[in-house]
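Notes for the one structure printed next.
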Amino acid sequence: MTPRWIATGLSQDLPKAVAMAGHWQGQDLAVWRSATGRVQAWNDRCPHRGMRLSHGFVRGETLACIYHGWVYGADGVCKHIPAHPALTPPATIRVAAFACVEQDGVIWVAPADTVGAPVALRGLQPLRSISLTCDVAAVLAVEPALSGGDALRGLVQIGGQACEVCLLVQHNAAGLTLHALCAVGVDRIAASRWVEDLRRRAERKGAA
Amino acid sequence: MIRLYDYVLSASCYKIRLMAALLGVKLDQEAVDFHPGRAHKSVAFAQLNPAGTLPVLVDGDLILTESTAMLVYLAQLAGRDWLGPLDPKSAAQVQHWLAFSGRLAASLGMARLHDMLLYEGDIDAWRAQGHAALRELEAALSERRFAGGVWLVGDAPSIADIACFPNVALSQDGGVSLDAYPSVRLWTRAIRALDRFVEMPGIHRLHELRPAPEVA
Amino acid sequence: MIAPEVLNEWYPVAMAAHIRAGQRRVTQLLGQPITVALQGGAIVVTGQGGALHVTEAFGHVWACPGTPAHPLFPIPEALETGRRLVDVGVVRVKCSPLRAVENFLDIAHFPFVHTDVLGAEPHTEVNRYEVQIREDSDEVWATKVTFYQPQAAKSAEGGIVTQYMYRVPAPTAAVLYKTCPVRPDAWDVIGIFVQPLSEDLCDVWPWMALYDDTTPQADLIAFQQMIFLQDRSILENQIPRLLPLDPGMEIPTQADLTSIAYRRWLKKRGLTYGAQMVAA
Ligand SMILES: [Fe+2]
């Protein structure tokens, strides 16, 4: 299977100087935004003692591991080891970086050597990321207006009006996560309630 | 001084320690050997709290054994800023979240006691109920964000936030991850970044709030 | 199939006082169900194949599922008069028992995990210390360890440079000796006894033998539980859950000399239950 872009979160859920967990096809990632706003996605494992870097802390343009405070800068290179403040860490200590771009309010990840860009989503605003315990088939079964595989799109009824939505699919061990976007100008509270309702119906269908 | 009968690993006791710290109120903390000693189930302790639960807050002849009541008491004493807005709708919403915090304790809290201190019970049910509660919290906090809000009720943090925070922030101790709840995560972060915030084991320091030390 | 080297070691399985008070503990050891109970005044540990070898020491019940390769290690300080022995109680952790021990041997994490208690920035430097495998006892020892600590113990007032010695006398047990704030001529002794339920799940029993006549017991227990529970959220988030013994899998520095020696010692002795031998 060729490497491809997968949505792992929405920009609005990753403010400056914050790290969070993400994943690409079962590969756990630490996704973080620096103080100046740059988003990066790395293997979610500190090379020192295997601690998840998504639990770490962002200072300036660096991400540090919560266990021993090892500091990693751009492209995952270790810059500082607090137990040895005078030491310049060997360049071999580095965390593997994934390709990561932010586009249309969505954070996309792909293997480092990926070329090209994720699909553009014009006229849509980010809504919410929600997790479901069912599969895509159950979602499509309860909402026939939607179609697609990696991105479920269609015109659905929200608050009595036809509204364009796009649900970006991310598979995970427990089911799937949908990163939902809706047409610009649609009331997001109403759209959020529609997403909740869709999840309830799809999970009921999936369990049947 | 107000006395708190306390256990360091209890999420409910932490609620009170956190509220007091945020209010700048000093408590006289008396550690109770909850685990392994089960001192809260002793005959002597029943004199103070027949239900045998922690925390217990004592101020003169007042004895409180419900943590949400303690939050109300401390917030009332300290000038009412943390009680939330007093209009009917907001006041009812604060009560909603105080009651909801009981559901968090009965689900996420029990999952944590199971995984950490070997409490017996239906762990799958506790985790499922915990996820159900987190979904409700996530939906509510997402709607608050769409309206430009950060806190559960009103424009400032309140006892509603403090009541719900501990069991949510400690959910991973019981095998319940917050990965699927971005609005909940950002809300816990906002609480952790408050001035005078104090941690408990399982909630680490936000080291990013302080600059890196100068490298010699 | 579990190696005889693993089966012939001693493992903590219960707090002795609880069993003596009549409680039964239905638990697991090396993946097998066991029961710890009082029978005719004696503590008995029963597995699927019958009774296990049992000994009682340092407030805990220890069992050996095979044929004991040696008696349980001693902690001579536990017998000194004037010391208070504190059973801290059990805490379950979803990690390899070996990861739990290794974390206990680590000082470099103090400023980040036990912030403002056992360490604080900018005092992050780990000075060189000495590590050896003692041939007479076949134990891992780290000596001349020093670290700046804001609140080294419940009885400490203000920051001090604390001296440490670490000792690994059994694959899933470790003991540390640290500066006693109220008696500079003596060491406080703190142990961690780890019961391997399976390769990636363990019950951990912190234990202490302190010179401290004033601090209430509940405060001493609370202090040590606070420290260990700060570690728990780290231990449950290390990848992989097993301890890698392949040197290419994780990158140690000079501050990790104790951990390096512990991993080598485990490998040399074939004590690889809870370890990952090759990179996955
Ligand atoms: Fe630690």
Task: Heavy-atom neighbours of B:Arg210 CZ exceed 12 at 6.0 Å - done: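 No, not enclosed.
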
TODO: Could you tell me whether B:Lys41 atom NZ has more than 12 heavy atoms of other residues or ligands within 6.0 Å of it?
DONE: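 Atom NZ in B:Lys41 is packed in, count exceeds 12.
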
Is any side-chain heavy atom of [Y] closer than 4.5 Å to one of [X]?
X: B:Glu199; Y: C:Thr115; answer: no
X: B:Leu118; Y: C:Asp203; answer: yes
X: B:Pro36; Y: C:Gln225; answer: yes
X: B:Asp115; Y: C:Arg92; answer: no

Residue pair [X] / [Y]: nearest heavy atoms and the distance that separates them:
X: B:Pro213; Y: C:Glu121; value: CD-OE2, 3.3 Å
X: C:Leu229; Y: B:Met116; value: CD1-SD, 3.4 Å
X: C:Asp219; Y: B:Ala31; value: OD1-CB, 3.8 Å

Open item on the list: Does any backbone or side-chain atom of B:His207 lie under 4.5 Å from a heavy atom of chain C? Answer side chain, backbone, both or neither.
Closed with: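 For B:His207, the contact with chain C is made by the side chain alone.
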
Open item on the list: Please classify the contact between B:Tyr7 and chain C as side chain, backbone, both or neither, with a heavy-atom cut-off of under 4.5 Å.
Closed with: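 Only the side chain of B:Tyr7 comes within 4.5 Å of chain C.
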
Task: Choice from C:Val91, C:Asp87, C:Val90 maximising heavy atom contacts with chain B below 4.5 Å - done: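 Most pairs with chain B among the choices: C:Val90.
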
Heavy-atom cut-off 4.5 Å, strictly under: side chain, backbone, both or neither for [X] against chain B?
X: C:Phe223; value: neither
X: C:Val88; value: backbone
X: C:Asp231; value: neither
X: C:Glu236; value: side chain

Open item on the list: So, using side-chain contact (heavy atoms from CB on, under 4.5 Å) as the criterion, who are the partners of B:Met110 when residues are at least two apart?
Closed with: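 Residues passing side-chain contact (heavy atoms from CB on, under 4.5 Å) with B:Met110: B:Leu113, B:Tyr119, B:Trp126.
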
Task: Euclidean distance, B:Leu9 CG relative to C:Ile221 CD1, rounded to 0.5 Å - done: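 Taking CD1 in C:Ile221 and CG in B:Leu9, the distance rounds to 11.0 Å.
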
Task: Distance, nearest 0.5 Å, that separates NE2 of B:His204 from NE2 of C:His114 - done: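 NE2 of C:His114 is found 13.0 Å from NE2 of B:His204.
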
Open item on the list: Tell me every residue that passes salt bridge (Lys or Arg N to Asp or Glu O under 4.0 Å) with C:Asp200, counting only those two or more places apart in sequence or in another chain.
Closed with: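 Result, salt bridge (Lys or Arg N to Asp or Glu O under 4.0 Å) vs C:Asp200: C:Arg241.
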
Task: Partners meeting salt bridge (Lys or Arg N to Asp or Glu O under 4.0 Å) with B:Asp6 (sequence neighbours left out) - done: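 Here the qualifying residues are B:Arg17.
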
Open item on the list: Suppose a student defines contact as a heavy atom less than 4.5 Å from any heavy atom of chain B. Which residues in residues 14-33 of chain C would they list?
Closed with: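 The residues closer than 4.5 Å to chain B, in numerical order, are C:Met15, C:His18, C:Arg25.
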
